[in-house]
Each structure stands twice: as C-alpha cells, then as structure tokens.
Amino acid sequence: MNLKRLAGLDILSEKYAYAHDAEFGYMAESRVADDWVATTCGYCSVGCGMLVGVKDGRAVAARGDQRHPVNRGKLCPKGLSEHHTIAAGGRAQYPLLRTNGRLERISWDEALAAMVERTCAIQARHGAGAFGVISTGQLVTEEFYALGKLVQLGFGTNNYDGNTTLCMSSAVAGYKRSFGSDGPPGCYDDLAKADVILLIGANIAENHPILCQRLLENPAATLIVADPRVTKTAMMADIFLPVKPRSDIALLNGIAHILIRDGLIDQDYIARHTTGFEDLRAQVSKYTPARVAELTGLDSHQIEQVAMLYGRSQAAFIGWTMGVNHSTQGAETVNAINNLALLTGNIGRPGAAPFSITGQCNAMGTREAGFASGLPGYRKFESAADRAELAVLWNIAPERIPEARGLAYPDIIEAAVAKRVRALWIIATNPMVSFPNHDVLKQALETVEFLVVQDAFHPTPTSELADLILPAAMWGEKEGTYTNSERRVSKVNRAVAPPAEARPDFDIFLDLATRLGMREELFPGWQGPRDAFEEWKRVSAGRLCDYSAMTYEQIEAEGGMQWGGERLYAGGGFATPDARAKLFAIEWEPFPDQPGGEYPFILNTGRTVEHWHTGTKTRAVAILAGMSPRAWLEMNPRDAQRLNLKPHDHVSVISKRSRVDRVELRVTEIIAPGQVFMPFHFVETNSNRVTQSAFDPISREPNFKQCAVKVEKSGVG
Ligand code: SF4
C-alpha cells in the first residue's frame with residue numbers, strides 16, 4: 001500500500017469512479033461499454049441470456065439480459081464474471097508441436113498438415129478406428145454438427161464420443177429406453193406450475209442457481225429433496241429425504257409400490273400410452289415400505305407421505321442431475337423416475353414432467369446434432385431407414401454411414417491403454433482432471449502415439465501431454481447456438497476477437513476437411529456457422545428436435561426458441577414404434593465399491609457454485625478463485641472425533657487406487673456419519689485420483705458418486 005493510501009489521502013477515486021452507460025445507467029466507469037453484445041452464458045445448461053460489455057475491443061462487463069425469458073436479468077457468480085475468462089491468463093495462442101520432447105510454435109499450415117498426415121498414417125497402419133476423438137458439451141451446435149461429419153465421414157472413424165458421457169449419457173439412455181428418443185419432456189415453467197416438486201440428486205441451488213428463481217415463484221408447491229447430503233437445495237425443501245447413497249432406485253420403486261397399492265395411478269393413461277405395466281407391478285410389489293425404509297435409511301411413514309403427495313398432486317415434477325446420472329445404474333434410475341411420471345400421467349402437462357437438468361451449456365446441442373452416440377436428429381445408427389435418409393440429405397452413399405456407434409468415452413480410454421486407439425484428438429475438455437481413476441487415464445494419454453489437444457487454454461494438465469496443440473477461440477469470441485435443458489435454442493455471439501492466432505473450432509474443422517480433400521463434399525458452400533445452421537435445419541426437419549422453422553434472427557428476437565414447443569408428449573405419442581412409452585421393472589443393486597474394512601467411508605464428489613468443472617476457466621477468474629480457492633473434505637463431527645481430527649486439519653483421502661493429500665477438513669453435520677464429500681474442481685487435490693473405473697453398462701457413464709475411502713491426517717510438509 002502506498003503512503004498516500006496509508007494516510008487516507010488516496011481514496012482510489014479513479015478505481016471506484018462512476019459514469020453513465022447508455023444501456024444500464026450509472027455504473028462503474030471501468031465497465032461502461034462502447035457496445036453491449038447479446039449472447040448466452042457459456043457455463044451451464046440453464047442457458048441464461050446476457051449482455052457482454054465491450055470497450056476498446058475488450059470484454060469489460062457481463063450483465064443479465066432483462067428480456068431473456070430464462071433468467072430475466074439475473075446471473076449467478078460465474079455468469080456475472082464470465083467476461084474475465086476471455087482475458088484470463090493461460091489462453092492458448094499459437095499452434096504448438098512437440099519436437100524433441102518440447103512443444104514448439106509452428107504455423108497453422110504446419111499444424112493442420114501435421115494433424116492430417118500423422119493421423120492418416122496411423123489409420124493406414126492400424127485401421128480407421130485407431131483414431132479416437134473425445135469432444136465436449138462446450139462447442140456451439142453448428143460446430144458439433146460439422147465435427148460429427150468431419151470425424152465420421154472425413155476421418156472415417158466412429159470411435160468418437162464427448163465428455164457428455166461423464167454427465168448426461170444416463171439421462172439420454174433413460175429417455176431413449178422409456179420414450180423412444182432423447183429429449184427432456186418438460187420445461188422450466190413446470191417448476192413454477194407444479195404442486196409437488198421432487199428433486200433427486202440435484203443440488204440446483206449450487207449448480208443451476210438461476211433455476212431456484214422458479215421455485216421461489218411457486219411457494220405453494222411442496223418441495224421434496226432426496227439427497228444423501230444436506231445440500232443448499234435440501235435446506236430449501238419442505239421435506240428432506242436423507243437417503244443412503246445410491247438408494248434412489250429403492251425409493252422410486254417404493255413410491256411406485258404405494259401408488260399401485262393405493263390406486264393412485266392413472267389407469268386410463270397407462271392403458272392408452274404405456275407398455276410393461278404388469279412386469280413393473282410384479283417388480284415393485286417386492287418394494288414394501290418396510291423394505292424400502294431399510295434400503296434407503298428413511299422412515300417408512302416418510303416414504304408413505306411422499307408417495308401420497310406425489311400420487312394425489314394435480315401436477316408433479318421430478319428433476320434430477322448428477323446424483324442420479326453418476327452411477328452404474330444411472331440409466332435405470334432414470335427409467336424408475338420415468339415410471340412414476342407414466343404411472344400417474346405426470347408428463348406433457350403444465351407442471352408435470354420428469355426432467356433432466358443438463359450440465360454443460362450445450363450438451364443438448366451435441367445430443368441433437370452431433371454424430372457420436374447417435375446420428376444427427378436423434379436418428380439411430382441401427383436404423384437402415386435413418387441411414388438412408390441421411391445419405392440422401394448429404395448426397396453420399398449410405399454405406400459411408402456406420403451401422404453402429406463406435407467406442408464410448410471410457411472404452412476409447414481403455415482402447416488407448418491397450419494400443420487399439422493410437423491417435424487421440426481431445427477437444428475442449430480436460431480429462432486429466434475430469435475422468436475417473438486418473439492413473440488409468442494418464443496411462444492412456446501417455447500411451448497413444450499422437451495426442452492432439454484443441455483448447456482455448458494452455459497449459460492445462462491435459463494439454464501438457466499433447467504432441468500437437470490447436471489453439472481455439474472460446475465463448476465470447478465466436479458465433480452459433482446453444483440448446484439449454486428445456487430445449488431452448490439461444491444465440492451465441494462474438495463480442496471480441498480471439499487472442500493471437502487462436503481460431504474458432506468451426507474454422508479449424510473446415511480447414512481440416514480441406515486438408516482431407518473433402519471440404520466441398522462435407523461442407524458444400526459453407527463459409528460460416530450460419531451455413532451449418534441452415535443445413536442442420538434441413539437435416540432436423542420432421543424429427544423430434546426440429547429446427548426447420550427457426551432463424552438466427554427469430555431466435556435472437558424471442559430470447560431463444562424451444563424445439564418441440566413448451567412440452568413434449570402432450571397426449572402421449574411417444575417416439576417408439578407403437579407410440580407407447582415403456583415402463584421398466586428395475587431392480588435396486590448395491591453400488592460397486594462398498595465401504596468396509598480398511599476403507600470405511602463412502603466418498604461423494606460434486607460441485608460448488610463458484611467453479612466450473614475442472615476449473616480451467618473459473619480458477620483463472622480472480623473473484624471466483626478468491627471466493628473458493630481450494631478443495632475441502634466434509635466429514636461428520638462424530639467421525640472426526642473418532643479419528644481425532646479437527647476443522648482445518650489437512651487430511652489424505654485414500655482409496656484402493658490412489659490418494660489425494662492435504663485436503664482441508666470441514667467438520668459439519670451437512671454430511672452423514674460414514675460419508676465424506678469433496679468438490680472435484682481442483683487439480684492439485686484431484687478427487688479423481690481416488691474414484692473408480694466403474695461405468696453404467698447401458699450409458700457408459702462413470703460411477704463418480706460413491707467409492708470406498710479412508711481418511712487420515714496428512715503428514716507435515
Ligand atoms: S445459472 Fe448457469 S447459465 Fe445462468 S449465469 Fe449461472 S452458470 Fe450461467
């Protein structure tokens with residue numbers, strides 16, 4: 001601090017000066033903008049509309065867009081500080097190639113040539129499938145659409161998946177099994193219209209905070225929250241169900257049991273719109289309240305009360321996120337949720353929906369338009385008719401389109417360890433922090449012959465291992481669309497230019513197609529994202545996710561447009577061959593890595609409001625990093641006393657696989673005895689060092705949420 005400041009003469013008047021902004025009136029002078037660019041938040045799938053203030057070519061402010069129907073002017077801490085990510089340190093600026101063990105700057109020409117020549121050489125030696133691609137939920141839909149064509153038709157490999165398999169693939173698989181197609185049936189307005197809201201494994205107050213506004217609009221609703229931890233969302237609940245970890249299927253089957261037992265089901269809806277009722281009835285007959293109480297740790301009267309509330313409601317909503325999806329039974333848990341909605345006809349009506357709250361800003365876009373786990377437009381690899389239809393639309397031979405999906409994300413990693421995948425392209429994701437069982441992932445990335453990382457940031461723990469780095473533009477520097485959790489397609493706009501030689505992913509994909517000699521075939525006449533959008537409109541026409549009536553201009557004017565209207569499946573009409581939804585008989589199973597013996601605790605992992613996933617962006621924003629600078633481990637006071645641990649002790653979290661050291665202990669009743677919780681954003685105390693390689697056999701989503709660990713005081717040092 002300088003002397004004038006110490007003496008009270010310097011009151012930082014320049015720093016705190018106010019001035020008048022044409023859009024927002026009086027505000028900090030440093031944030032008064034020359035221009036405000038309307039766009040959509042690039043973090044989570046709530047899809048808040050925002051304005052980015054631009055001054056002298058720099059992003060200086062972010063404000064909520066009052067006119068946007070999703071957030072009506074509000075933003076959470078991440079959105080409010082999102083402009084800082086653009087000028088954050090650690091942006092990737094130049095293409096880099098590893099030469100003699102060092103990453104050295106090269107030109108874009110050299111980078112694209114290296115990418116195509118080395119990848120194609122590996123494919124020539126080991127087959128097209130020796131090239132694996134892992135993308136993200138962070139690109140715009142136009143980029144996902146282009147990337148899918150480039151990978152599957154250009155490079156000719158179907159070993160392509162996204163990091164969305166780490167968060168939403170269980171919801172996707174569950175929807176497909178129950179309703180015949182992916183696509184969340186409800187919308188945010190259902191939160192404001194339901195009279196009973198059941199949130200399962202969904203801490204929206206922390207992870208989707210703007211959605212809490214909709215809860216506040218609906219004080220008459222009964223909010224029920226099922227979670228093993230007393231989360232911020234649980235604190236908002238009228239009824240909190242502190243379920244044992246991964247006992248949600250037992251709870252859902254128990255509710256179904258009571259609904260059927262007491263006639264609280266919609267017989268007419270079941271008869272007209274579903275199949276599988278008798279099998280379900282037989283299955284849930286075993287889930288008596290007494291048995292469910294034992295499996296879930298709840299009181300049987302509480303289970304009866306919740307079933308009565310759900311069954312007697314006029315409009316009931318069930319929302320879920322990662323507490324459901326991050327499980328070896330994730331897809332089946334989604335089916336058990338959908339069962340309740342179908343048994344009671346709580347779907348396709350205002351307030352009534354089973355509803356997955358998506359993670360990343362455009363995970364929905366890659367589900368719709370991507371060409372990874374399905375064909376674009378929710379078409380199926382296995383369907384000859386779907387392949388033929390796409391071949392006509394793309395003017396290619398149908399044989400070019402694979403008849404089955406390739407390897408899913410975890411299987412690409414396993415194939416890389418086994419040297420069946422030898423070249424890997426990682427786009428806008430950071431698996432060294434986000435993938436479970438870190439040591440196996442590291443082995444995969446170190447085993448492949450050629451690792452390409454395309455990202456807006458370098459160095460990251462993943463890019464440091466790369467042979468080739470392609471620097472990409474990020475949110476705020478490029479154009480396209482995102483789809484949010486309620487199927488609302490919103491516009492994303494460029495506010496500023498990317499740094500140095502970083503380029504939009506879209507341009508990189510088109511240039512790679514040029515190098516492959518396929519630019520005109522794959523992307524005929526394309527110059528920019530609008531061309532991709534126009535083609536995607538034709539490809540999606542007549543499908544459930546039909547964009548054909550949308551234009552960029554109308555999307556901007558309306559604050560986004562929902563495909564499928566406000567709600568799907570009003571009056572039935574499911575996307576199955578017989579137009580009926582399928583009820584599934586699901587059996588509860590214990591999770592794979594049970595606590596006991598040397599590893600007595602169940603570790604649960606999750607998020608905090610200040611940070612986004614692997615922290616690449618948010619930990620570079622000073623205000624967010626300052627609010628939440630490091631990881632912590634939550635432990636119940638009884639366990640802490642038994643282990644002679646005190647608040648703020650540094651502890652080690654140790655599983656059969658590896659360990660995390662020097663995590664700060666929080667002693668709190670938020671967590672039940674026998675369980676511990678830590679957030680997963682922090683590379684230096686990476687929770688994925690101890691998580692396991694256990695994946696849902698249907699969705700391939702990892703079981704991030706429960707693994708057996710022990711906790712001990714870290715050594716001094
Ligand atoms: S709730 Fe999600 S979309 Fe909205 S501002 Fe926060 S991170 Fe962005």
Side-chain angles (χ1 to χ4, degrees), residues 36-53 59 61-86 88 136-141 164 167-168 184 187-189 191-192 199 202-217 231-233 236 319 321-322 355-365 474-476 480-493 495 559-560 562 606-621 623-625 627-628 679 681:
W36 289 93
V37 177
T39 190
T40 309
C41 179
Y43 285 115
C44 91
S45 72
V46 173
C48 296
M50 63 200 301
L51 299 165
V52 177
R63 291 286 175 110
D65 186 346
Q66 301 278 357
R67 292 158 295 206
H68 202 279
V70 165
N71 53 313
R72 301 162 194 162
K74 294 204 169 55
L75 295 175
C76 81
K78 289 191 288 289
L80 276 170
S81 57
E82 196 164 6
H83 58 291
H84 290 303
T85 60
I86 293 175
T136 176
Q138 301 281 307
L139 304 184
V140 293
T141 297
T164 43
C167 55
M168 292 314 298
C187 60
Y188 299 159
D189 202 37
L191 283 166
L199 296 177
N203 183 9
I204 63 171
E206 195 93 58
N207 303 322
H208 302 86
I210 297 301
L211 281 190
C212 289
Q213 280 190 96
R214 303 301 170 105
L215 295 180
L216 299 175
E217 279 168 26
T231 62
K232 287 179 188 168
T233 312
M236 296 172 70
T321 65
M322 301 314 149
F355 190 73
S356 58
I357 303 164
T358 308
Q360 299 180 73
C361 57
N362 201 26
M364 286 286 291
M474 60 179 276
W475 171 90
T481 52
Y482 292 156
T483 312
N484 76 356
S485 291
E486 60 167 358
R487 296 169 281 101
R488 181 179 299 277
V489 180
S490 287
K491 192 73 200 317
V492 175
N493 286 317
Q562 285 172 281
R607 295 178 270 178
T608 183
V609 67
E610 296 86 2
H611 288 302
W612 179 248
H613 293 185
T614 66
T616 309
K617 290 192 280 188
T618 48
R619 296 191 75 196
V621 174
I623 191 166
L624 297 175
M627 287 161 76
S628 181
H681 312 289

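Both counts, for ligands and for their atoms, begin at 1 and track the order of listing.
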Requested in this report: Look at atom 2 (Fe) of ligand 1 and say which protein heavy atom is nearest, naming residue and atom and giving the distance to 0.1 Å.
Outcome: C44 SG, 2.3 Å
Query - C41 near atom 8 (Fe) of ligand 1 via N/O/S, less than 2.8 Å - result: yes
**Report entry** ligand 1 contact by N71, heavy-atom criterion under 4.0 angstrom
**Finding:** no
**Report entry** Nearest heavy-atom neighbours spanning G137 and C361
**Finding:** O-SG, 3.8 Å
Query raised in the report: What do the steps show when you test R72 against E217 for salt bridge (Lys or Arg N to Asp or Glu O under 4.0 Å), and what is the final call?
Result: CA-CA 13 Å; R72 301 162 194 162; E217 279 168 26; 2.5 Å; yes
Requested in this report: I would like to know whether Q360 and H613 meet side-chain contact (heavy atoms from CB on, under 4.5 Å); could you show each step before the answer?
Outcome: CA-CA 9 Å; Q360 299 180 73; H613 293 185; 3.6 Å; yes
Query - Heavy atom of the protein closest to atom 6 (Fe) of ligand 1 (residue, atom name, distance) - result: C76 SG, 2.3 Å
Requested in this report: Below 4.0 angstrom from a heavy atom of L75, which ligand 1 atoms are there? Numbered from 1 as shown, please.
Outcome: 5 (S)
Report task. Considering the heavy atoms of G47, write down every atom of ligand 1 situated less than 4.0 Å from one of them. Result -> 3 (S)
Query - Audit row: S485, F355, side-chain contact (heavy atoms from CB on, under 4.5 Å) steps and yes/no - result: CA-CA 9 Å; S485 291; F355 190 73; 4.1 Å; yes
Query - Contact atoms of ligand 1, heavy-atom distance to Y43 under 4.0 Å - result: 7 (S)
Query raised in the report: Any salt bridge between E82 and R63, counting N to O under 4.0 Å?
Result: no
Query raised in the report: Evaluating non-hydrogen atoms only, which member of T618, L80, N484, I210 is closest to atom 1 (S) of ligand 1?
Result: I210
Query raised in the report: What is the distance from atom CG of L215 to atom OH of Y188, rounded to the nearest 0.5 Å?
Result: 12.5 Å
Report task. State whether C48 contributes an N/O/S atom found under 2.8 Å from atom 4 (Fe) of ligand 1. Result -> yes
Report task. State the CG-CZ distance between L624 and R619, to the nearest 0.5 angstrom. Result -> 11.5 Å
